[in-house]
Amino acid sequence: MVLEVDETDLRILRQLQTDTTLSLDALSDRVALSRNACWRRIRRLDEAGVIRERVAHLDAAKLGLGLSVLVMIRAGSHDPGWLNRFQSAVAAMPEIQGAHRMSGDLDYVLRVKVRDVSDYDRFYKALISKVLVADISASFVMESIKDTTALPI
C-alpha cells in the first residue's frame with residue numbers, strides 16, 4: 001500500500017534523508033511546522049513503514065573495505081530449492097550490500113564490499129561453496145561517481 005504523503009511530509013523526509021541526527025526542534029524549524037505536528041507526522045511515516053530504518057553511513061575505505069564489486073550471476077537452477085539456498089547464502093554473507101533478481105540475460109546482480117582482490121577471491125570461493133551457479137563474473141568499481149541512498153522525492 002502506498003501512503004499518501006503531502007509536500008510537508010516530503011520536506012520532512014528530505015531532511016531526514018540528509019541528517020537523521022537533527023533534533024526535533026531543528027527539524028520542525030527547517031520544515032516550518034510545530035514540534036508536535038512534526039513529531040506526529042514522523043510517527044505516522046514510521047508506522048506506515050515509509051521510514052524503514054535510521055542508520056549511520058560509514059566510510060568503507062576508512063574501515064578497510066575499499067573495493068566495491070558488482071557480481072553478475074546466472075543461476076545454476078531455477079527450482080525453489082536452489083532459490084532457498086541462494087537466498088540463505090546471500091543473507092549469511094555480510095559482504096553483500098545488495099542483491100537483485102534481474103530480467104534479461106543475468107539472473108542476479110550482487111553489490112559487494114571487500115578489502116581487496118584477494119578478499120574478493122575468498123568471498124567468491126565461499127559463495128560458490130554455498131550454492132551452485134551456472135556462471136559468475138565480477139566487475140571491480142574503479143571510481144564511484146555517485147553512491148547515495150537518498151530517494152528522489
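For the numbers below, each heavy atom of this structure counts, side chains included, while hydrogens, waters and symmetry mates do not.
Atom CD of E7 has more than 12 heavy atoms from other residues, nucleotides or ligands within 6.0 Å. Taking a 6.0 Å sphere around CZ of R14, one finds it holds more than 12 heavy atoms contributed by other residues, nucleotides or ligands.
Residues R101 and D107 are not in side-chain contact: their nearest non-hydrogen atoms beyond the backbone lie 4.5 Å or more apart. In this structure, V2 and E4 have side chains that are not in contact, with every pair of non-hydrogen atoms separated by 4.5 Å or more. Counting heavy atoms from C-beta outward, R111 and Q97 have side chains that approach closer than 4.5 Å. Side chains of R30 and D25 form no contact here, defined as non-hydrogen atoms less than 4.5 Å apart.
Looking at T148, its side chain does come within 3.5 Å of a backbone N or O of A150 through a donor-acceptor pair.
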Q.
Using salt bridge (Lys or Arg N to Asp or Glu O under 4.0 Å), reason through R35 and D29 one step at a time and then give a plain yes or no.
A. CA-CA 8 Å; R35 185 179 200 279; D29 284 346; over 6 Å; no
Q: Output, in order, the C-alpha distance, side-chain angles, deciding distance and verdict of salt bridge (Lys or Arg N to Asp or Glu O under 4.0 Å) for D119 and K113.
A: CA-CA 9 Å; D119 195 28; K113 284 284 196 180; over 6 Å; no
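The side chain to side chain donor-acceptor pair (under 3.5 Å) check on R40 picks up nothing, with sequence neighbours excluded. Partners of T21 by side chain to side chain donor-acceptor pair (under 3.5 Å), not counting sequence neighbours, listed by chain and number: D19. Considering only residues two or more places apart in sequence or on other chains, R43 meets the side chain to side chain donor-acceptor pair (under 3.5 Å) condition with E47. The side chain to side chain donor-acceptor pair (under 3.5 Å) check on T149 picks up H57, with sequence neighbours excluded.
In the hydrophobic clustering, where aliphatic and aromatic side chains (Ile, Leu, Val, Met, Phe, Trp, Tyr) are joined below 4.5 Å either directly or transitively, L13 groups with L3, V5, L10, I12, L16, L22, L24, L27, V31, L33, W39, I42, L45, V50, I51, L151, I153. With side-chain heavy atoms closer than 4.5 Å counting as contact, directly or through intermediates, the hydrophobic cluster containing I128 also holds L67, V69, V71, I73, W82, L83, F86, V90, M93, I96, Y108, L110, V112, V114, V117, Y120, F123, Y124, L127, V131, V133, I136, F140.
Taking all atoms of both residues into account, the shortest heavy-atom contact from S139 to M72 is OG-CE, 3.5 Å.
Distance OG1/T20 to CZ/R54: 7.0 Å, rounded to 0.5 Å. Rounding to the nearest 0.5 Å places CZ of R85 at 7.0 Å from OG of S77.
Taking the charged nitrogens against the carboxylate oxygens, D6 and R41 do have a contact shorter than 4.0 Å, which makes a salt bridge. The pair E95-R122 meets the salt-bridge criterion, with a side-chain N (NZ, NE, NH1 or NH2) lying under 4.0 Å from an Asp/Glu carboxylate O.
Side-chain contact of N36 with S34: a donor-acceptor pair under 3.5 Å is absent, judged by distance alone.
Between K62 and the options L58, D59, L65, a side chain to side chain contact (heavy atoms under 4.5 Å, CB included) holds for only D59.
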